[in-house]
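Quantities reported herein were computed from a predicted structural model and do not represent experimental measurements.
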Amino acid sequence: YIWDAETETILDTANDSAPYEGTSYVVVRQNESDSMYALGNASGLSTDFIYTDFGPTGLEGQFFVRDESGWHLVNHLGEDLLGGMVLRPRLQRTVSLDGDTFSSAYIETAPYPCSEGVFALQSENGKWGFYDASGNMLVDFIFEEACPVSLGNAWVRWNGLWGLITVDMIAAVG
């Protein structure tokens, strides 16, 4: 979706740039050459163009967005649903083949949608902890690093050492 500032309308680029008529909120790009985003629906924008990136959530009316401070989960009005805590970005591997030369690197991308009902969150003090999708703390902010939950497990770094914990262990600690 793209914003038409002249008519103050959201245009659906997948539908020959027809005006967006939906009541569901969507992520809207400011213009074709800009990478700033806002949220809105057919009634207009509900936020300013303050986001530099967005990712999938799979949750109605909730959006992963990135601003100058990091990734957040917000509602359709841009209100932070996780108390201002920054979400851990996902590392995505990129691979390049040039003849016989192989190289790979990792880039940061949008966080995973609430992985198995658990978010890895970073607090203002830089420590990581885990919350469920309802906003209940499962474990306090004690980890130096924490990766998203995958198949019931999460890699965490505590006191300089990496270890694998399970969701059951997280709930037991909390």
Around D48, counting heavy atoms of other residues, nucleotides and ligands shown, do more than 12 lie under 6.0 Å from its CG?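 Not buried by this count: 12 neighbours or fewer within 6.0 Å.
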With a sphere of 6.0 Å drawn around CG of N159, does it hold more than 12 non-hydrogen atoms of other residues, nucleotides or ligands? yes
Given side chains that start at C-beta, do those of [X] and [Y] come closer than 4.5 Å, heavy atoms only?
{"X": "R29", "Y": "M36", "answer": "no"}
{"X": "Y20", "Y": "T9", "answer": "no"}
{"X": "Y1", "Y": "D12", "answer": "yes"}
{"X": "Y131", "Y": "V118", "answer": "no"}
{"X": "Y25", "Y": "F63", "answer": "yes"}
{"X": "W155", "Y": "W162", "answer": "yes"}
{"X": "D53", "Y": "W71", "answer": "yes"}
{"X": "V27", "Y": "L39", "answer": "yes"}

Residues which pass side chain to side chain donor-acceptor pair (under 3.5 Å) with S69, listed by chain and number, not counting sequence neighbours: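 Residues passing side chain to side chain donor-acceptor pair (under 3.5 Å) with S69: D67, H72.
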Could you pull out the closest heavy-atom pair between F130 and A146, with the gap in Å? CZ-CB, 3.7 Å
Quick one: pull up [atom1] in [X] and [atom2] in [Y] and give me the separation to the nearest 0.5 Å.
{"X": "R157", "Y": "E145", "atom1": "CZ", "atom2": "CD", "result": "4.5 Å"}
{"X": "L164", "Y": "C147", "atom1": "CG", "atom2": "SG", "result": "9.5 Å"}
{"X": "T13", "Y": "I2", "atom1": "OG1", "atom2": "CD1", "result": "7.0 Å"}

Under the 3.5 angstrom rule, does the side chain of [X] hit a backbone N or O of [Y] as a donor-acceptor pair?
{"X": "E21", "Y": "A42", "value": "no"}
{"X": "S17", "Y": "L11", "value": "no"}
{"X": "N75", "Y": "L77", "value": "yes"}
{"X": "D98", "Y": "T101", "value": "no"}
{"X": "T52", "Y": "R66", "value": "yes"}

Common cluster, I10/Y37, ILVMFWY with side-chain heavy-atom separation under 4.5 Å: no
Common cluster, I165/W158, ILVMFWY with side-chain heavy-atom separation under 4.5 Å: yes
Identify which one of N31, V28, D34 satisfies the side-chain contact (heavy atoms from CB on, under 4.5 Å) criterion when paired with W3.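 The passing option is V28.
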